[in-house]
A.B. asks: 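Questions regarding the structure given below will be posed in turn.
Residue numbers begin at 1 in each chain, while the letters A, B, ... track the order of the sequences.
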Amino acid sequence: MIGGLFIYNHKGEVLISRVYRDDIGRNAVDAFRVNVIHARQQVRSPVNNIARTSFFHIKRSNIWVAAVTKQNVNAGMVFEFLNKIVEVMSSYFGKVSEENIKNNFVLIYELLDEILDFGYPQNSDTGILKTFITQQGVRSQTKEETSQITSQVTGQIGWRREGIKYRRNELFLDVLENVNLLMSPQGQVLSAHVAGRIMIKSFLSGMPECKFGINDKVSMESKAKVSSDPSKGSGKTSIAIDDCQFHQCVKLSKFETEHSISFIPPDGEYELMRYRTTKDISLPFRVIPLVREIGRQKMEVKVVVKSNFKPSLLAQRVEVRIPTPLNTSGVQVICMKGKAKYKASENAIVWKIKRMGGMKECQLSAEIELLNTNDKKKWTRPPISMNFEVPFAPSGFKVRYLKVFEPKLNYSDHDVIKWVRYIGKSGLYETRC
Amino acid sequence: MTDSKYFTTTKKGEIYELKGELNSEKRDKKREAVKKVIASMTVGKDVSALFPDVVNCMQTDHLELKKLVYLYLMNYAKSQPDMAIMAVNTFVKDCEDPNPLIRALAVRTMGCIRVDKITEYLGEPLRKCLKDEDPYVRKTAAVCVAKLHDINPILVEDQGFLELLRDLLGDSNPMVVANAVAAMSEIVETSPTALKMLEINSATIGKLLTALNECTEWGQVFILDSIANYSPRDEREAQSICERVTPRLSHANAAVVLSAIKVVMKLLEMMDQSAGFAGTLVKKLAPPLVTLLSAEPEIQYVALRNINLIVQKRPEILKHEMKVFFVKYNDPIYVKLEKLDIMIRLTNQANIAQVLAELKEYATEVDVDFVRKSVRAIGRCAIKVEASAERCVSTLLDLIQTKVNYVVQEAVVVIKDIFRKYPNKYESIISTLCENLDTLDEPEARASMIWIIGEYAERIDNADELLESFLEGFQDENAQVQLQLLTAIVKLFLKRPTDTQELVQQVLSLATQDSDNPDLRDRGYIYWRLLSTDPAAAKDVVLAEKPLISEETDLIEPTLLDELICHISSLASVYHKPPSAFVEGRQAVRKALPPRSQSGEGEAVQAAPEAPVAPPQPQATVIPGMDSLTGDLLDLDLGGPSTYQPPAAVQPQPIGGGSMDLLGEGLDSLLGPSPVSGMDMGPGPRGGGVGDLFSLAGLVPTTSYVPPQETWIEAGKSKGMEVNGTFSRKNNQACMELTFTNKAMSPMAGFAVQFNKNSFGLAPGILNINTPLAPNAAANVTLALTTTGGVQKMEPLNNLQVAVKNNIDVFYFSCQVPLNVLFVEDGEMDKRVFLATWKDIPSQNEEQYTIANVEHSADTVTTKLRNNNIFTIAKRNVEGQDMLYQSLKLTNNIWVLAELKIQPGNNNFMLSLKSTTLDVYPGIYQSYDAIVRS
């Protein structure tokens, strides 16, 4: 299992060092610094074996978080855990930066002691951790309180405490989708997929049980069979989900057998579900590039962006990023809509359009002047990338229902105020040119 | 409140000042001081001098302060064992605290203090905590057992903690179960005694599967990893485990998903491959694997390394998912390289166009390694998919036109391989290649280019000039290039002998006289000699047909692959190395997949070259990748096997002398065998190095006793297939010698052999028959037998029920295995052990047999028995009669001791057998009888 855990700043100075196993010596801290952080060449793997000791690391902004071991550990688990640590830390004190880490080092040690025992990850749910790792100093806890804490930490419903009360029972549901696209210059879709997430903010009293229905093909079909109602053609409105993953509160075995998503929700904000679709994605935008090299010192770029959704909808924060060669000396841009600027530091023309309706078309043309270089290597054109936000789910994902049952308290499904929102964002949305 | 100020104190006399603060009356000041101490500790300052003062702060009801003091203790207790004792009382007291958080904290910390005296005191509190009413304390105590076992295994085993730990598997709280499982898995790995006690059986598996649904994500990983170590009794149990594990494939935590995949991949082996259940199971694996590729890049990396293994084991899982492995511009380089690897493996006729377009795109990227690998990949595509070869070659030519140095070099290397695969097809591009001679500065590229020139010397007009230009700097070249150059010039000479004589003289003298490299010198001598004695033979050798090269690259050797599949998600699967290669000390049992289910169609047997103890198969040469380890090890010449010529035609002929001044007679003896044994290594396929060894061993005549073949299936009863057979022992393995004779009118194919469960767990290896078997033809086959099959006691003990299948029907017969093929090679017992064992076995276990009418001396008998792995340990002569004391061991580790009495003048030998297992006696006697008479 994990033998030790170190956190470094960008210079390689140790901020946190916690050793869990006897086989990890003090020199391990330095070994990682010398061989990875200060390595002359860029490190080409997140796992490194140095003197028969394995180092796993992730780097978030300027901070290195490294786990070290001498055993054949579960590598997937180590990386999941490192990410979890970062998540826990940021939920306690915001951005994981050198300053914040130094300011909270006692808290971090306390957390590390709790969530990793002898190198085995323990309950690391932030909601629960916050109930008993508080940094508030001594709090005379009554016996009931402590036993409540321990039963939550170890409990079957480790993500929710008992006795939550709200005057207004509310539920916010966001369908967040990231559309990813890779398109050839000729407009052929090389790969496209939607990575979706269901984010829920719940403010519900007691221990409610929720049921969540979506327009997934499989569950719709099984439903159709039961109701044997052929008139309700589920063919068009349902979507094919390639794969989905759930928050630990969802009863997976029930999903497997009955295809229903039921769960006891954590309190507050959390990610209920992640899913991926690859079929019948409605791509909100299409980029048509045209690049012409005129001699060795000039290039002409023309980019057309077409929006492809209902005219009544508005896309926001549309941004097109057109890469330019490294030896660019000057750029003249003309665009009809939005603002376009050449950013030398980023080697790109950034074209921003605040709002754009559906079924519209915008155009940008630019002349790029190049310096003479004797660099033999050809410039490899990076793809044109796009960012945007649209108010619908490009995969066609629909929430069919979300029901709340709380048998012990006297509020029913109708009393809960529910809010549902669909947001489609660009993931890696690239067109080669 | 910020803590960063503690990092900045660098005053002199700091320790002294801290001491004062630690002993302050005010609690706040004390706490501040302890924080400063911990901060100093973190940055590596030595604050051990403050030990007593810090420990004094331990008795407090302030939880945060307590935790800090404990942290300090864990760090320094080992260096101050005597002082650490001061803490024991507080620990013991805390273990009784009404607050479960404090109880758990105490037991958690105590386990981390590796001081013997503290460990002594740990026993009682730990025992109590394992039975604590609070699950939080119990789950902490469970891990503490593993900690204690790490410090003092004997203590743990003697004081019954293992039983207590095992009891926790039935705990009502899922997290306690998960931690107990984690602790158990770790203990079991280091201690064989614990292994017996904590072995997971089907009852515990049930408990684990129940807890799986309810515990935390990490707990699920512990449980799944431990389920992966369990071998179900039969296919049904494997199926039911899979059914309960597959819901985990939808978990958000990648580690849970990967561990679930591991369990499924392992259990799949036990299932009927053709049945629907296995099919649906395989289908379920693809989506979660693809989803892993949208996780954080580090997790993607782990997933890709594992997918690389999974694709090799079961290519069908991801065969339609090529697109997801396309490289994204912003992927970190380690993800890019891994994706590329997998793309090559998934390439086939259907997707080649797309793949090629992608690869071309990649070859213009920035990262040198990535570009090189992409170029290489294009070459692999050409070799793998014949229809695409032309397009690949033209793509490579385009790339050569870019004149980017490393792209050109890499392209030349792969073009050489394409020439190997499709000879006489793309020579038109040679001229383009020759234009780029100057850019080649890497040995591999130079060597490849030289090979191409030598191979096609007759078509390149100025081949002699080109090679001559290389020859100028011969001494400065890499050995690989030198060897290629030597061979290429010899080829050139054989093709165009008239005008290249001078050149060949020059290279031969450079190689033999001016080089310190023995490989080069030897090759030089061999060529020289061949050329001067028999140019025709030289032509046969040097310009011989080359063996085919394989389509696949960098395949992991099957047994290692199987082992790595058992380690999915772990470090071993990331490194692609067995754990023993990077974990110190432990000699844990190497994991292996369960034997494949063979209950279904016979084809499954044939289609399973991965079966556990499969005999090495003849393989086509595999081209090693840039980082292939096995390739390097088995390959003597990095330049590729291409230049080596099969030695089959070589007949070392003694030379008359005279003409060959360089090679004196004295070298004859040296040279005689060398062309065969020395060069044999060259063309031997890289992957097949082991195969060579085996085939050599196979040539050694077996002296062990092989009964004559019997007819097992008569042609009349089996629609024309006659099977004769017997048993033998070869290469330390029991074998079945089979002769299949086709007495029907039509050819036969699809042979497969299957055994019923038997007393010794015999199971058939792979059946290699050249099919179809024509009418009236016969095929002799040696079928290696493993002893890892299902075990069931038979009557008589050595009875074996066999099913033989061909394209017509399935036929059954039973035969008796002569036990002597099951006597293993290490059956020789130490003399003293023999004596002790002989005494230990009660005398009622002794039985006597007579081997009548044999006329052999004691020595002949000894040799005969020795050849059949019956070892004579001592020989005594008592009153004129010879007493031989012998031992033997069966494959299932049953030892049998024997005493053989031989009297001169009496043709009856007396045999006494002694063993703990009486059932084997009749079989042993039969074997003795047969061997002695043979």
Side-chain angles (χ1 to χ4, degrees), chain A residues 14 16-17 22 44-47 49 52 54 58 70-77 79-80 83 99 102-106 109-110 113 117-118 120-121 123 137-138 143 146-147 150 153-154 156 158 190-191 195 242-248 252-253 255-256 274 276 377-378 380 382-383 428 430, chain B residues 2-4 7 35 42-43 61-64 67 71 99-101 108 114 134-136 139 143 146-147 173-175 182 213-214 216-218 221 225 247 250-255 258 287-288 291 294 296 298-299 301-302 323 326 328-329 333-334 364-365 569-572 574 579 582-584:
Chain A
V14 199
I16 297 286
S17 114
D22 203 40
R44 299 177 78 92
S45 162
V47 185
N49 195 318
R52 292 180 83 84
S54 298
I58 60 174
K70 285 211 163 183
Q71 298 173 335
N72 182 28
V73 297
N74 187 324
M77 182 170 83
F79 280 123
E80 279 285 354
N83 284 315
E99 197 190 349
K102 280 187 170 171
N103 282 340
N104 293 285
F105 83 98
V106 174
Y109 275 123
E110 202 177 336
D113 195 43
D117 190 3
F118 200 43
Y120 290 105
N123 195 336
V138 63
K143 206 172 171 192
T146 56
S147 74
T150 58
V153 178
T154 61
Q156 292 167 6
L190 294 175
S191 75
D242 287 20
D243 188 32
C244 49
Q245 297 178 315
F246 298 101
H247 186 271
Q248 54 169 328
L252 291 178
S253 41
F255 178 72
E256 176 88 359
R274 248 185 262 172
R276 184 168 47 83
K377 224 157 77 182
K378 221 182 81 199
T380 63
L428 265 184
E430 297 180 332
Chain B
T2 64
D3 294 340
S4 54
F7 281 90
K35 280 190 184 180
T42 299
V43 296
D61 54 350
H62 191 291
L63 202 54
E64 188 198 347
K67 282 180 180 172
L71 188 64
N99 185 340
L101 292 173
R108 183 163 72 211
R114 305 175 66 92
D134 195 293
Y136 184 76
K139 73 115 185 163
V143 176
K147 291 178 187 170
N173 186 295
M175 193 156 171
N213 287 326
E214 290 161 350
T216 64
E217 44 195 338
W218 315 117
V221 177
D225 281 352
S250 309
H251 201 284
N253 187 313
L258 274 170
T291 301
S294 45
E296 286 80 2
E298 296 86 5
I299 291 171
Y301 174 72
V302 174
K323 275 189 180 179
F326 284 178
K328 293 187 189 124
Y329 190 75
I333 182 67
Y334 51 84
T364 58
E365 280 233 28
S569 184
S570 79
L571 255 184
V574 174
F582 59 91
V583 176
E584 265 167 26

A.B. asks: Checking Leu428(A) against chain B: side chain, backbone, both or neither under 4.5 Å from a heavy atom?
C.D. replies: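 It is the side chain, since no backbone atom gets that close.
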A.B. asks: With the side chain counted from C-beta on, respond yes when Asp113(A) and Leu71(B) share a heavy-atom pair under 4.5 Å apart, and no when they do not.
C.D. replies: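 The answer is no, as the side chains (C-beta and beyond) never meet within the 4.5 Å cut-off.
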A.B. asks: Is there a side-chain contact between Lys70(A) and Val583(B) (heavy atoms, below 4.5 Å)?
C.D. replies: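 Lys70(A) does not reach Val583(B) side chain to side chain.
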A.B. asks: Taking the side chain as everything from C-beta on, heavy atoms only, tell me whether Thr42(B) gets closer than 4.5 Å to Tyr109(A).
C.D. replies: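 Contact flag for Thr42(B)/Tyr109(A) side chains = yes.
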A.B. asks: Which atom pair, heavy atoms only, marks the closest approach of Asp243(A) to Pro288(B)?
C.D. replies: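 Minimum heavy-atom contact is OD2-CA, 3.3 Å.
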A.B. asks: Would you say Lys35(B)'s side chain and Val106(A)'s backbone share a donor-acceptor pair under 3.5 angstrom?
C.D. replies: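 Flag not set: sc Lys35(B) to bb Val106(A) has no pair under 3.5 Å.
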A.B. asks: If you count heavy-atom pairs within less than 4.5 Å of chain A, which of Glu217(B), Arg114(B), Lys139(B) leads?
C.D. replies: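 Of Glu217(B), Arg114(B), Lys139(B), Arg114(B) has the most heavy-atom pairs under 4.5 Å with chain A.
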A.B. asks: Rounded to the nearest 0.5 Å, what separates atom CD in Glu80(A) from atom OG in Ser569(B)?
C.D. replies: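 Rounded to the nearest 0.5 Å, the CD-OG separation comes to 9.5 Å.
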A.B. asks: Examine whether an atom of Asn253(B) lies under 4.5 Å from a heavy atom of chain A, and if so say whether it belongs to the side chain, the backbone or both; otherwise answer neither.
C.D. replies: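 Both backbone and side chain.
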A.B. asks: For the interface with chain A, which of His251(B), Lys328(B), Lys323(B) has the highest count of heavy-atom pairs at distances below 4.5 Å?
C.D. replies: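 Looking at each option in turn, the highest pair count goes to His251(B).
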A.B. asks: Do Asp117(A) and Lys147(B) have side-chain heavy atoms sitting under 4.5 Å apart?
C.D. replies: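 Asp117(A) vs Lys147(B): side chains touch.
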A.B. asks: Looking at every heavy atom in both Asn72(A) and Ser570(B), which two are closest together, and how far apart are they?
C.D. replies: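 For Asn72(A) versus Ser570(B), the nearest heavy atoms are OD1-OG, 3.1 Å.
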A.B. asks: What part of Phe582(B) gets closer than 4.5 Å to chain A, counting heavy atoms only: side chain, backbone, both or neither?
C.D. replies: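 When you check distances to chain A, atoms from both the backbone and side chain of Phe582(B) fall under 4.5 Å.
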A.B. asks: Output the option from Ile333(B), Val574(B), Leu258(B) having the highest count of non-hydrogen pairs under 4.5 Å with chain A.
C.D. replies: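 Heavy-atom pair counts peak at Ile333(B).
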A.B. asks: Thr291(B) versus Gln245(A): any side-chain heavy-atom pair under 4.5 Å?
C.D. replies: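 A side-chain contact exists here, since the closest heavy-atom pair is under 4.5 Å.
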A.B. asks: Could you tell me which of Ser45(A), Ser191(A), Ser17(A), Pro121(A) has the largest number of non-hydrogen atom pairs under 4.5 Å with chain B?
C.D. replies: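 Most pairs with chain B among the choices: Pro121(A).
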A.B. asks: For Asn83(A), is it the side chain, the backbone, both, or neither that has a heavy atom closer than 4.5 Å to a heavy atom of chain B?
C.D. replies: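 Only the side chain of Asn83(A) comes within 4.5 Å of chain B.
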A.B. asks: At a 4.5 Å cut-off on heavy atoms, which part of Glu296(B) comes close to chain A: side chain, backbone, both, or neither?
C.D. replies: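 Side chain only.
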A.B. asks: Non-hydrogen atoms of chain B under 4.5 Å away: do they reach the side chain of Arg274(A), the backbone, both or neither?
C.D. replies: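 Contact with chain B involves the side chain of Arg274(A) alone.
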A.B. asks: Would a 4.5 Å heavy-atom cut-off, applied to side chains only, mark Asn213(B) and Leu252(A) as touching?
C.D. replies: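 The answer is no, as the side chains (C-beta and beyond) never meet within the 4.5 Å cut-off.
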A.B. asks: Highest number of heavy-atom pairs under 4.5 Å with chain A: which of Tyr136(B), Trp218(B), Tyr334(B)?
C.D. replies: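 Heavy-atom pair counts peak at Trp218(B).
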A.B. asks: Considering all heavy atoms of both residues, which atom of Gly76(A) and which atom of Ala255(B) are nearest to each other, and what is their separation?
C.D. replies: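 What the structure gives for the nearest pair is C-CB, 3.7 Å.
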